[in-house]
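Working notes, beginning with the structure itself.
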Amino acid sequence: MGAFDGPSGGRSTTTPQPEPDERRPSAPPDEKPGRRDPATGREPVLEAKDVSKRFPGVQALDGVSLAVYPGEVHALVGENGAGKSTLIKVFTGVHRPDGGELRYRGRPVAFATPLDAQRSGISTIYQEVNLVPMMSVSRNLLLGREPRNRLGIIDVARMDAEAERILAEYGVRTDVRRPLHTLGVGAQQMVALARAVSIDAKVVIMDEPTSSLEPREVETLFSVIRKLRDTGIAVIYVSHRMEELYRICDRVTVLRDGKLAHTGPLAELERLQLIALMLGRDAAEIGREGLTRFSRDRHVAADAEPVVEARRLRKKHVLRDVSVSVRPGEVVGLGGLLGAGRTETAKAIAGALPIDSGRVLVAGEPLRSGSTASAIRAGVSMLPEDRKAEGIIPTLSVRENIALAALPSLARSGVVSEARIDRIVDTFMRRLRIKAASPHQKVSELSGGNQQKVLLARWLALQPKVLLLDEPTRGIDVGAKAEVQGLIEELAGNGLGVLLISSDLEELVEGSDRIVVLRDGAVVGELTGDEVTEERIMASIAEHSREGD
Amino acid sequence: MAEATAASPRVDRARLRGWLQEYGVYAAVAALLLFNVLFTPHFVDAANVRTQLVQVAPIVIVSLGMALVIGTQGIDLSVGSVMALAAAVVVLYLGYGAVPAILMALLAGALVGAAGGSLVAYVGVQPIVATLALLVGMRGLANVLVPQLEEFRNPDLIALGSGSLAGVPFVVVAAVLLTALVAFLVRRTTFGRQLVAIGGNRAASELSGLPVKRVLLTVYVISGVLAAIAGVLATARLQASDPTSLGLFIELSAITAVVVGGTPLSGGRVRVLGTVMGALLMQLLSATLIKHNLPQSWTQMVQAGIILAAVYATRERGTR
Amino acid sequence: MTDTAMIASAGDGNAPVSPRSERISRLLQHHGALMVLLVLVVVGSVAFDSFATPGNAASIIVSSSFLAIIAIGMTFVIISGGIDLSVGSLYVLGGVLAAYGSQYGFAVALLLPLAVCGAVGLVQGLLIARAGMAPFIVTLAGLLGARGLMLAISDEGATTYLVEDAAFAALGQGSFLGLTYPVYIAIALALAGMVLLQRTGFGQNVYAIGGNEQAAALMGVPVARTKVWIYLMSGLLAGLAGALNAARLSSGVTILGIGLELDVIAAVVIGGTLLTGGAGGLTGTMAGVLLLGVIQSLINQVGTLTSAFQQVVSGAFLALVVIAQRLLGRAQRLS
Amino acid sequence: EENAAAPQPEGTQGAQVVATPTGTSGSTCSLEQFGGEKFDLKNAVVGFSQSEKEANPFRIAETQSIRDEAAKLGIDELRVTNAQSQFSKQITDVQQLIAQGAQLLVIAPLNSDGWEPVLQQAAEKKIPIITIDRKINAEPCKDYLTFIGSDFYEQGKRAADQMIEALGGKGKVAILLGAPGNNVTTERTNGFKDRVKEKAPDIEISFEQTGEFAREKGQQVTEQLIQSNPDINGIYAENDEMALGAVTALKGAGKEPGEIKIVSVDGTRSAVQAIVDGWIHAVVESNPRFGPLAFETAQKFLDGEPIPDTVIISDREYDSSNAESSLSQAY
Ligand SMILES: Nc1ncnc2c1ncn2[C@@H]1O[C@H](COP(=O)(O)OP(=O)(O)OP(=O)(O)O)[C@@H](O)[C@H]1O
Ligand SMILES: Nc1ncnc2c1ncn2[C@@H]1O[C@H](COP(=O)(O)OP(=O)(O)OP(=O)(O)O)[C@@H](O)[C@H]1O
Ligand SMILES: [Mg+2]
Ligand SMILES: [Mg+2]
């Protein structure tokens, strides 16, 4: 069929065509199992040819081809919902493709289950952390490969020691016997990573592995990836973070709306061009308009009364006298490393975490502690960090999910008004550009980025005074990220107070008027004005680390 | 992605499958009706139709409450015992007249529901054990109150059981009204939306400021009251209060009706009409087997087979 | 790479261990039923002279052994996030088949119930794992179907087969140190179950499936196969318990096991296994089984309660036990 | 008021009368044969194991009769357990009674088979067992002392006689069976069917469904029955509760009293009243008042007298001729 090199690569005509020599010659491909990389002469280890996959209402993949070679890091990029995760799941046997062919090590394959794929040497870290929360860290890490004693019985002591050793390589030090869910999301992600890599794999697929990692963990991850590449393992790497792609990836495949938009070496593509390919827009045009980002030129009256004020929040082992305040129209960033207590601070303010002492004032009025309902009534909304566990209601539609928190205000004496719901849902779906087949599509069927937008819509529908955003752009594509950032800007401009938590330092710095730095559950610094830089944040953390140790 | 929704044959098949999932239970009821019309003598007599509807009414009412509870990812095993308790209370207070007696019975149902609901919502006991304790204890309590079957001659209560409105038995009227009420509750009220949200993801609902505990408590209270209503109606029909055997094992029938009707036990969804159809299916099935005079062994095995077939046809399939 | 270590809260350079309170909490949560059991036994011994006698203790233990065997299977089922309502019917079916089979000798008496109950379990497992049907419904159908089958082979329950084989009867009646063989069989099976659950790949898979089925599948757990085994095992154990009971009673009594599934589930859940799956264990289950036996025995000791009051008391007991266990766990977690 | 139905301790109304004082096989058992030791009944620990909840007239009257008689005889240490219809629980109950030091056991068995473990333990300690209302399938005088109760097969036969008479020897009859697997169900069914086959081959038994001994089930099954078999002439209900359920169903369907002949077994007051009202044709009694006879037998045994291995009591019959006058004797 030749689809791999065929016109599908350049079907979107507005995109700048890559140089011809980047693309492999269109020799009749089906004579030999697999073709050779022109540069190295190697055969692809994993290959998709003209693969299609349809979900009810969505053509998630439409004739997509992809070839990955041993010893390369292959970036897979595209907007939210472009089909990246779906393609990966087709590779690993989670979904069965409707059409097309998959080849692995030169032979056609159809993995029946992820287990088959894993056994054959394709190891995957999925977008959502997919581990078992209630099992211990070591059991999660070594599930299926537990060390046995002579009787064939699991040797628990050795298992724990082994797990501790493996995790130490990834910079995770924790009691491996505790249940996984007691770890932060980032640490869980590292466990998943360690698990995937320590399996003897030929191909390692990573679907947005860095979305919940700290900068330092990202470094750890990159050194792992480089090691993998050097030992001849192929890595498929999905991420929305452009700088990362350029640092670590050799080649790139761009998907757009389920179709192949481009494939080729990454170095030859400029960042702007890559974004243009993803968005399906003209590079020059994007260059002119720029991708909307934080403008950093907002001014908040320094003497304005804070709209929300947290005073000496204290919770044993978690928070130590944390005080934060946000004024109307101000974006306050919360900086700190994993486990610093940023999420807990936000949750305590939103009434979702019972605290031992301290109080939260909204517009001067104290909130009843430990009650999300009263916080919401007072105008405090929190976008939770863990979308899957604490955000979406998977059984309900997009519409129901958006309207959920605002229901009481959309109802008269307990009876909901469908018209009012429709109006709100319609407004926000358009304003946030939520991509769904219809408002009645199940939210669990949306791509990660769109789920996040649905959640944002849920909170905005409440017309809050204060918005607490915990990692609002995690797992969101460049376009959407810019939109969300623009939105934050806009909201703040309208007088909303925003508390922003982000592990993306660049975003934090660009977005915040002021940054409060946390470490080990305590405030260790506050940066304002020109002090708001990445270096100062890192310095502030480091300084106190030294003191602390 | 609007252009991607263009129809294709594959989508049609998916839609058909979705349709079967949604309406499979209706098809099953229709099939069973057809069988009976063809092979069961006197099946289409008005009197027979009436008998089937009257007999199914209490199960429908109990199942409605069960559907709500299951929607919140819970389960209520206490419904049968609540029926018995309501039967006991209603004869105890019958001296004050039918209406006060019935109100007391409903109150008793509400209290049992509140007890179960508090255990689940506030103490955090798993629904199945919380309501299991009530299943055991409340049947005992009913028997303490009314140690043996007690006949009554109160004309109002007897009329409730055997009278009719424009040819439709009161019992059936009650079931229809309650079905409409519950359907309204689920579809149109804040409470209904919150209930399914809590069943779908409790943590998220809590963070979204929903009154999770209150909703859970209310759901169990509603289930208790509905079971009490069913108990009163069954008692009125029997013209005797029989706390020993009234509602025995009805929780299993109700759960079956709910699940066969397409409400998943994993919560987050409630199908009211499906539940009614599920109850009807089970009723028609047992009527068919009785009318054809099958021995108990066969009855049970055939029931097992049909339940499996119905649920198999309507099951939610994975992505492949 | 160690310099990039993420320091956990207790970060003191060494691998941090969980705080002691957390461990105590875990212990209590896992062994809440055991604590309540101990309390009840102490209270019972003080309050009633005839409670702590060897005879009474033996009767509690012996009668609990059958429930215990079934509860082992149920523990696996519930940890995997499922439920098995068919055990009560399989128990009586197993007994009737064993008694029927005993006329052909020891082997048939033992193997016939295992084969049939195992087959029912297998079919249930296949329907649940391969066809993706809800365990509650599949096993509810199993409950009906197995009881129907039992009625069919016993002439609508009218025929009670007697155990003909002396060796087989001895399996249920013989005793050692005052306890009958089924007690030792139950203990052996429980120990084997613990090893299977905690120390084998199969056990890990069971926990993983119950904890997060989707993740388990993605982590390479053979979900369907594991589930089939779980239900097969539950069916086998219920059948075995029925067979042993038939040996003890010397006959295939047909009126057994109605509502037994609820007792078994109660025992497992009281034992600290989460009905939502993913957590729990057999130590708790065994404590839960004994707890139910002790509660019954205490009610019998009082001796003056009417049957209705007995039910009220056992319902209240059940509620108290779960509340106590729940609060114990919570208090520890908060501190 | 609740106790109105219970027998008056001093009255002889409705007391059991022994039908076969010497037992069917004629063999007897004495303390010597049994091998136990004599003890004073008054100061002894006596265990009574009831099978089902005291929630129907039969069980209430039965337990009450045992309690009353024990009180009358001045037995302080009467321990009563209730198996709540769970056979396994009954076995454990009796074992625990033994552990509590019971010297005499009175058992109302839930099931005839499966008593092996209890019998072994009792035999070791030489505890005499009197089983009432249902038999235990074991060896009298060795495994247990004696059985006192009705003959359920005979009850079925007598019900058949009543039905045959009511229908004049031909017609269609439906049976409302008791709970499946229950000995009582089996024997009352067999007695009825055998008698019909033998004496009235023109009577066709065209319908048999279980009503599980409960009134509501009896009503529901009858409702189904009269829709699908409108030509039915008679209903044999294996206990009074189901018969009364059938009556409610017939009333609801607009039938006249006596249009369909109902015969049942038990002799509860409501059923006898229904005979008076014309809805039930006849009731065969099954007398639950075992207390006096049981303790009398025990006393005789302890006194060294030989006692029969089976004591069948004579059950009365109620029909329109005697219903009104014997209403007060029904339980
Ligand atoms: N199980 C499913 N059922 C129905 N539709 C689905 C399902 N999974 C994915 N989709 C749809 O397929 C499309 C592609 O989704 P996919 O998850 O592959 O996107 P993605 O590129 O990984 O996006 P993101 O960057 O947000 O993770 C989306 O429109 C999504 O709604
Ligand atoms: N790996 C860990 N080891 C020990 N304790 C941890 C760990 N992860 C989290 N915690 C506990 O949780 C508290 C806050 O963790 P959390 O990860 O929610 O904070 P955070 O700053 O929001 O981090 P992030 O949002 O980046 O995950 C820590 O102070 C600590 O007590
Ligand atoms: Mg994705
Ligand atoms: Mg966080």
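Protein chains get the first letters and strands the later ones, always in sequence-line order, with residue 1 at the start of each. No hydrogens, no waters, no symmetry mates; every other heavy atom, side chains included, goes into these values.
Looking at L64(B) and V272(B), their side chains come closer than 4.5 Å, going by heavy atoms from C-beta outward. Residues R271(B) and M277(B) are not in side-chain contact: their nearest non-hydrogen atoms beyond the backbone lie 4.5 Å or more apart. The shortest side-chain heavy-atom distance between E400(A) and I393(A) does not fall under the 4.5 Å cut-off.
Between D62(A) and R54(A) no salt bridge is recorded (no basic side-chain N to carboxylate O distance below 4.0 Å). E385(A) has no carboxylate O lying under 4.0 Å from a charged side-chain N of R342(A), or vice versa, which leaves the two without a salt bridge.
In this structure, chain B has a heavy atom under 4.5 Å from the backbone of A389(A), while its side chain stays farther away. For a residue to count as touching a neighbouring chain, one of its non-hydrogen atoms must lie under 4.5 Å from one of that chain's; by this rule I376(A) touches chain B with the side chain only. Heavy-atom distances place the side chain of R458(A), and not its backbone, under 4.5 Å from chain B. Proximity to chain B is absent for every atom of L383(A), based on heavy atoms less than 4.5 angstrom apart. Heavy atoms closer than 4.5 Å to chain B are found in both the backbone and the side chain of L404(A). Residue L410(A): no heavy atom, backbone or side chain, is found under 4.5 Å from chain B.
For a heavy-atom cut-off of 4.5 Å, chain A lies close to A203(B), A204(B), S205(B), E206(B), L207(B), S208(B), G209(B), L210(B) in residues 202-218 of chain B.
Shortest non-hydrogen contact noted between A457(A) and F428(A) is CB-CB, 3.7 Å.
Here NZ of K84(A) is found 11.0 Å from CG of L61(A). Values are rounded to the nearest 0.5 Å.
Side-chain contact check for D98(A) and S52(A): no donor-acceptor pair (N or O, by modelled atom type) lies under 3.5 Å.
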Walk me through whether V79(B) and S223(B) qualify under side chain to side chain contact (heavy atoms under 4.5 Å, CB included). CA-CA 7 Å; V79(B) 285; S223(B) 172; 3.8 Å; yes
